[in-house]
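Worksheet: the structure to be examined is printed underneath.
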Amino acid sequence: MWQQPGMNGFTFDADSGDTEVDIAEDADTVGDDTMPDNVTIHFWLPLPAIFDFQACLTYMSRSPFECLYKLEADGINRLVPIGGEIHLIRLTCPTERMMRVELLYGEPFSPEDQDELACYVRDWFDLERNLEPFYQLASADPLLSPLIKSFYGLRLVGIPDLFEALCWAIVGQQVNLTFAYKLKQRLTEVYGDALEWEGNTYRSFPAPERFQEVTLEQLCSLQLTKNKAQTILEVARLIASGQLSRDQLLALKPEAAEHKLTAIRGIGPWTAHYVRMRCLRDQTAFLIGDVGLHNAIKHVAALERKPTVGELQTLFANWRGWEAYATFYLWRVLY
DNA sequence: CGCCAGGTAAGGA
DNA sequence: TCCTTACATGGC
């Protein structure tokens, strides 16, 4: 049911974890086998400059239909598959400089699990990114400078799991976000795993293998269109059979990864760039056709109409290298 | 009822 | 290569 360890494609960078390691290792981790239920296990991750947890949480709380995590009391809880097993974790930032990663439910972490989870969280919140250049560029830009003030410290929240990222993009094609969230919720409730914990139900997005026996009709009954249902089944098949993976896409140049994705029927340039942005962490991803982006620019530039393709290209030429962050910050003005 | 929504594919100039 | 159009489905 859960993906094999490593299948999910976390990238381990041999020399990127050094700042975290010494801190994590002398965290007061309790780890004997007879651990009582109320023992908590946690470790800490150092936070980069220009990071505001609250700004990220505000973004993440935008939909009441979000079903893959719960925000409460200045923290966030979610299920994560670590070492091939289900874990319920909680993230908080009790201090400016450190993020606390706590295990609420599941087997205590092995050192390898902890590394994997640390990678997951760093990836999720894009903690490795140096935002200085973007902020420098934005501070001199008439459209972006108000945004980096309003949303200071916001990180491009990622979707580390390729299948989830693809499905989220697919269900979000040409529908309003409210409906997209409902579709994701139905997919998750029907096909995902659930865990009850302290009166709440936590859910994880289904693994692609789960769709092996699922029919078009079954997906359509969740109010997915036939095209979307078809595309999701095809993507599930490709990932489950190993023909498509995050690691494989990461090994390619962005354009090649995009091409590999758009070769799949039902995945066009918007979806491919969306995945580049949220999953592959490609900062040059540019959703030029995105309606939300058009509306955001119309709003911040006080236009009477939506921007033309030419205007978009001119604008984004100023933000080269940071297209994804510019887009992510622009989207924020809409919600 | 009508327009819109974080599109895509197919067909034609 | 660049435009048009059909499609599909709910939100408001």
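Order of the sequence lines sets the chain letters (A, B, ...), proteins ahead of strands, with each chain counted from 1.
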Please confirm whether the shortest side-chain N or O distance from [X] to OP1 or OP2 of [N] is below 4.0 Å.
{"X": "A:Thr271", "N": "B:dT8", "answer": "yes"}
{"X": "A:Gln223", "N": "C:dG10", "answer": "yes"}
{"X": "A:Lys228", "N": "C:dC7", "answer": "no"}
{"X": "A:Asn295", "N": "B:dA5", "answer": "yes"}
{"X": "A:Lys306", "N": "B:dC4", "answer": "no"}

* **Candidate list A:Glu323, A:Arg276, A:Arg320, test side-chain hydrogen bond (donor to acceptor under 3.5 Å, both in side chains), partner A:Thr284, passing option** =>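 Per the side-chain hydrogen bond (donor to acceptor under 3.5 Å, both in side chains) rule, the option paired with A:Thr284 is A:Arg276, out of A:Glu323, A:Arg276, A:Arg320.
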
Under 4.0 Å between any heavy atoms, over every strand shown, what does [X] touch: base, sugar-phosphate, or nothing? Just pick one.
{"X": "A:Leu334", "answer": "nothing"}
{"X": "A:Val291", "answer": "sugar-phosphate"}
{"X": "A:Gln173", "answer": "sugar-phosphate"}
{"X": "A:Tyr181", "answer": "nothing"}
{"X": "A:Leu293", "answer": "nothing"}

* Check the angle between the aromatic planes of A:Phe316 and A:Phe286 and answer parallel, tilted or perpendicular using the 30° and 60° thresholds. =>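 Aromatic pair A:Phe316/A:Phe286 classed parallel.
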
What is the separation between atom [atom1] on [X] and atom [atom2] on [N], rounded to the nearest whole Å?
{"X": "A:His294", "N": "B:dC4", "atom1": "NE2", "atom2": "P", "result": "15 Å"}
{"X": "A:Gln174", "N": "B:dG7", "atom1": "CD", "atom2": "C1'", "result": "5 Å"}
{"X": "A:Ile288", "N": "B:dG7", "atom1": "CD1", "atom2": "P", "result": "14 Å"}
{"X": "A:Leu222", "N": "C:dA8", "atom1": "CG", "atom2": "P", "result": "18 Å"}
{"X": "A:Glu234", "N": "B:dA9", "atom1": "CD", "atom2": "P", "result": "12 Å"}
{"X": "A:Gln185", "N": "C:dG10", "atom1": "CD", "atom2": "C1'", "result": "15 Å"}
{"X": "A:Gln230", "N": "B:dA9", "atom1": "CD", "atom2": "P", "result": "11 Å"}
{"X": "A:Leu216", "N": "C:dT9", "atom1": "CG", "atom2": "C1'", "result": "15 Å"}

* To do: Kindly point out which of B:dA9, C:dG10, B:dA5 is positioned nearest to the side chain of A:Phe179?
  =>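 So the nucleotide nearest the side chain must be C:dG10.
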
* Asked: C:dA8, B:dA9, B:dT8: which one has an atom nearest the side-chain heavy atoms of A:Thr225?
  ->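 In terms of side-chain proximity for A:Thr225, the closest of C:dA8, B:dA9, B:dT8 is C:dA8.
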
* Contact nearer the 5' end of DNA chain B, comparing A:Ile264 with A:Gly292 ->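 The answer here is A:Gly292.
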
* To do: With DNA chain B as reference, determine whether A:Gly268 or A:Asn176 sits nearer its 5' end, using the nearest nucleotide of each.
  =>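 Comparing both residues, the 5'-ward one is A:Asn176.
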
* Want to settle it: does A:Lys182 or A:Asn227 sit nearer the 5' end of DNA chain C, counting the closest nucleotide to each? ->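 First, find each residue's nearest nucleotide; the 5'-ward one identifies A:Asn227.
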
pair [X]-[Y]: side-chain heavy atoms closer than 4.5 Å:
{"X": "A:Ile267", "Y": "A:Arg265", "value": "no"}
{"X": "A:Phe125", "Y": "A:Phe51", "value": "yes"}
{"X": "A:Thr225", "Y": "A:Gln230", "value": "no"}
{"X": "A:Leu261", "Y": "A:Leu166", "value": "yes"}

